[in-house]
Amino acid sequence: MAMEKQPPEGGVARTPSQSNTNKKVESLETFRSDATNQALTTNQGVKIADNQNTLRAGERGPSLLEDFIMREKITHFDHERIPERIVHARGSAAHGVFKVYESQAELTKAAFLQDPSKETPVYVRFSTVQGSRGSADTVRDVRGFAVKFYTEEGNFDLVGNNMPVFFIQDAIKFPDFVHAVKPEPHNEMPQGASAHDTFWDFVSLVPESAHMVLWTMSDRAIPRSLRTMEGFGIHTFRFINAQGKGRFVKFHWRPTIGSASLLWDEAQKLAGKDSDFHRRDLWEAIDNGDYPEWELGVQIVEEEDEHKFDFDLLDPTKIIPEELVPLKMIGKLTLNRNPDNFFAETEQVAFCPGHIVPGIDFTNDPLLQGRLFSYTDTQISRLGGPNFHEIPINRPLAPLANGQRDAMHRQTIDKGQASYEPNSIDGGWPKETPPAASGGGFESYTERVEGSKIRVRSPSFKDHYSQATLFWNSMTDPEKDHIVGAYSFELSKVERKHIRERQLGILANIDETLAARVAENLGLPAPKKNADADELGKSSVTESPALSIVAKTKPSIKTRKVAILAAPGADAASIKAVQDALKAEGAHAKVISPTLGSPAQGIEADATILGMPSIMFDGVIVAGGKDSAKTLSESGDARHFVLEAFKHLKAIGAIGDGEDLLAAAHLPGGEEGVAVGSDANAVLKSFIEAMSKHRVWSRAQKAESVPA
Ligand code: HDE
């Protein structure tokens with residue numbers, strides 16, 4: 001029998017300092033089941049002799065109710081699914097570790113932020129928001145970026161997104177927002193997309209959404225990879241140090257390989273050709289040893305500076321521009337292990353913004369305050385009761401003991417008679433731990449609060465446009481074009497004209513040129529800014545390069561994917577040269593051929609042209625060899641492959657006769673980002689240089705006329 005016994009849990013006296021990374025791994029290992037060399041059994045441990053046939057009365061007779069083996073198997077199967085998450089249903093996750101660069105004792109007493117030699121285990125789940133569990137990865141949507149730190153002082157969940165702001169300011173609006181963005185209730189369409197009437201109806205009526213909607217219409221909503229996304233805690237939190245001093249903090253995750261996005265055309269095609277595109281990319285990167293990494297950055301604001309900004313720190317629709325408060329990088333997150341079982345780990349992991357540890361605390365952000373309630377509540381119906389913390393992936397590394405008992409699916413066998421505190425029967429255990437500079441019990445930060453019991457929005461939350469304008473002004477030209485394209489695409493799908501017009505009004509309050517460009521595509525008159533829009537507030541920062549992805553591109557091709565197009569008769573030497581050069585740069589090359597088999601001596605095709613189209617790669621190189629070039633030039637699929645790569649602004653290279661394919665596809669040589677020639681090394685040099693910029697932006701206008 002494969003299952004192992006549960007370890008003892010409640011009431012075990014262990015000191016907090018005992019734990020380390022290995023313990024988490026060990027504690028999870030205790031629950032892992034490996035059926036190697038195990039007999040097939042029922043859930044009661046009875047060995048099964050026949051797993052092929054139901055017990056029946058006679059060879060051709062009816063099945064018998066007494067067949068406990070068949071009934072147990074089918075009953076369990078009937079209940080395999082649990083409710084998917086109401087939002088963020090589609091997700092992928094991985095194990096990893098977090099290490100702080102140096103002690104952050106001045107800022108916080110949180111134990112996992114003190115010692116640079118210590119590794120804290122983490123489990124990180126990325127997700128889309130709108131679509132159901134089986135929806136496509138590359139839809140236009142916000143991405144969840146949820147990190148569970150298994151610290152020695154208990155679990156800390158940083159449940160963030162890949163955008164630093166949110167659609168609404170108050171938690172009470174969340175069900176409205178989610179009902180509007182989810183597929184429409186009458187026909188359950190569209191899946192995984194916000195391009196429909198109810199979403200735009202809601203956001204055009206709720207101007208506080210303007211800033212975040214602009215982010216979702218930007219390239220941030222179609223990341224190239226989960227590994228190239230930034231992450232944000234969004235809300236302002238607090239750090240508290242050992243002396244009890246509190247400071248405000250915003251959390252940021254920055255990918256070390258830099259940020260990159262898809263183009264909208266690629267994202268849409270990928271949704272059909274590989275709906276697991278992001279999930280696969282994350283899995284393969286970890287499998288290949290290309291461990292994804294992010295730096296943790298913090299923006300710190302002293303308490304006395306709380307009111308010095310032109311926005312409210314408690315307003316989750318605002319960023320703190322880095323020009324006002326720079327990012328301080330304090331540590332690194334590395335994802336280094338794929339899960340063993342999707343359901344047990346990724347589907348059952350339960351995050352909650354309320355899971356914090358001493359040294360970290362909340363603020364009064366009204367969105368955060370509502371979230372503190374919602375997440376535990378949702379787990380109760382999703383995971384079947386209040387014992388979800390006992391599921392292996394959710395168990396803290398820190399020892400736990402309390403008087404909580406029973407309930408659905410309780411696994412712990414609590415010893416002793418006293419499930420209350422104080423008690424004199426079990427020696428008074430478990431007992432409170434007074435707060436202390438380190439290792440003490442959790443103590444909420446003391447904050448003076450006074451006011452009337454009222455339902456109002458603070459007037460300091462009323463500026464809905466100036467940071468949206470800041471975002472728009474900080475975009476490069478191609479990014480602005482993409483934003484115009486995204487609003488135009490989405491609003492063109494909205495059936496009700498009055499909704500399109502109302503949203504254009506919001507855009508005019510952000511930027512009249514933006515509104516005019518979208519209006520033109522919708523065949524509507526360009527609206528003017530509302531007379532009072534500027535009265536609502538002004539941003540002291542008017543441009544912030546940190547908000548642009550293109551402006552921050554890191555020149556590297558590390559972990560990027562390159563297709564080497566080759567047909568039978570290809571030149572093996574040039575293929576080998578390409579493979580070696582790309583490997584040396586940390587990129588991955590795949591040989592793509594019209595059919596599987598061997599296009600050149602000693603070279604095997606990794607995939608077919610139709611099986612792995614150009615949208616799955618960051619660049620394409622056509623191998624040399626006369627026969628190969630002839631076959632490729634005559635193939636519509638091969639011509640489409642390079643045309644599409646050209647349209648998507650990817651680096652293209654052709655060695656020797658390989659250039660014939662570019663000519664057959666009517667791709668002129670000498671274009672920026674198109675390297676051709678008989679010297680493989682020279683071609684590779686320019687190819688690598690072009691690909692390290694991720695895309696050849698200067699080609700954008702020309703690419704528009706390419707029909708691929
Ligand atoms: Fe969530 N959110 N949320 N959210 N959220 C959930 O919890 C909720 C918000 C975020 O990978 C749910 O376990 C409310 C902001 C992520 O498992 C639910 C409000 C941010 C994930 C819930 C918000 C997030 C969730 C659904 C407004 C970024 C996926 C399933 C007050 C800072 C975590 C679940 C994972 C999931 C409620 C707004 C991020 C229903 C009420 C803002 C990354 O509890």
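First listed ligand is number 1; within each ligand, the first listed atom is number 1.
Shortest contact from atom 43 (C) of ligand 1 to any protein heavy atom: Gly160 O, 3.2 Å. The protein heavy atom nearest to atom 17 (O) of ligand 1 is Arg85 NE, 2.7 Å.
Contact annotation: the side chain of Leu368 never approaches that of Pro316 to less than 4.5 Å [non-hydrogen atoms, C-beta and beyond]. Under the 4.5 Å side-chain criterion, counting only non-hydrogen atoms from C-beta, Asp141 is in contact with Arg143.
The shortest N or O to N or O distance between Ser127 and ligand 1 is not below 3.5 Å. For ligand 1, none of its N or O atoms has an N or O atom of Thr378 under 3.5 Å away.
Distances from atom 1 (Fe) of ligand 1 under 2.8 Å pick out these protein N/O/S atoms: Tyr375 OH.
If you number the atoms of ligand 1 from 1 as listed, the ones under 4.0 Å from a heavy atom of Phe351 come out as 11 (O), 17 (O), 33 (C), 35 (C). Listed by atom number, the atoms of ligand 1 under 4.0 Å from Ile234 heavy atoms are 28 (C), 32 (C). Those atoms of ligand 1 with a heavy atom of Ala171 less than 4.0 angstrom away are 31 (C). The Ile86 neighbourhood of ligand 1 comprises atoms 40 (C), with distances under 4.0 Å to a heavy atom of that residue. Annotation for ligand 1: atoms under 4.0 Å from non-hydrogen atoms of Arg125 are 11 (O), 17 (O), 35 (C). Atoms of ligand 1 lying under 4.0 Å from at least one heavy atom of Leu367, given by number and element, are 27 (C), 31 (C), 42 (C).
Applying the side chain to side chain donor-acceptor pair (under 3.5 Å) test to every pair with at least one member in residues 460-469, sequence neighbours left out, gives these pairs: Asp312-Ser460, Ser458-Ser460, Asp463-Ser466, Tyr465-Asn509.
Relative ring orientation between Phe311 and Phe309 is described as parallel, the plane-to-plane angle staying below 30° on a 0-90° scale split at 30° and 60°. Between His95 and Tyr123, the ring-plane angle classifies as tilted under the 30° and 60° cut-offs. Taking the six-membered ring where the residue is Trp, Phe149 and Phe156 present parallel rings, their angle staying beneath 30° rather than reaching 60°.
Remark: Trp200 engages Tyr487 in a ring pair (Phe, Tyr, Trp, His ring centres under 6.0 Å) (not counting sequence neighbours). For Lys173, the salt bridge (charged side-chain N to carboxylate O under 4.0 Å, His left out) partners two or more places apart in sequence, or in a different chain, are Asp176.
Surrounding CD of Gln404 are at most 12 heavy atoms belonging to other residues, nucleotides or ligands under 6.0 Å away. Counting non-hydrogen atoms of neighbouring residues, nucleotides and ligands closer than 6.0 angstrom, the CZ atom of Phe373 reaches no more than 12 such neighbours.
In this structure, Gln379 has a heavy atom closer than 4.0 Å to ligand 1.
For the ring-ring contact (aromatic ring centres under 6.0 Å, His included) criterion with Phe145, the lone passing option out of Phe251, Trp294, Phe232, Phe351 is Trp294.
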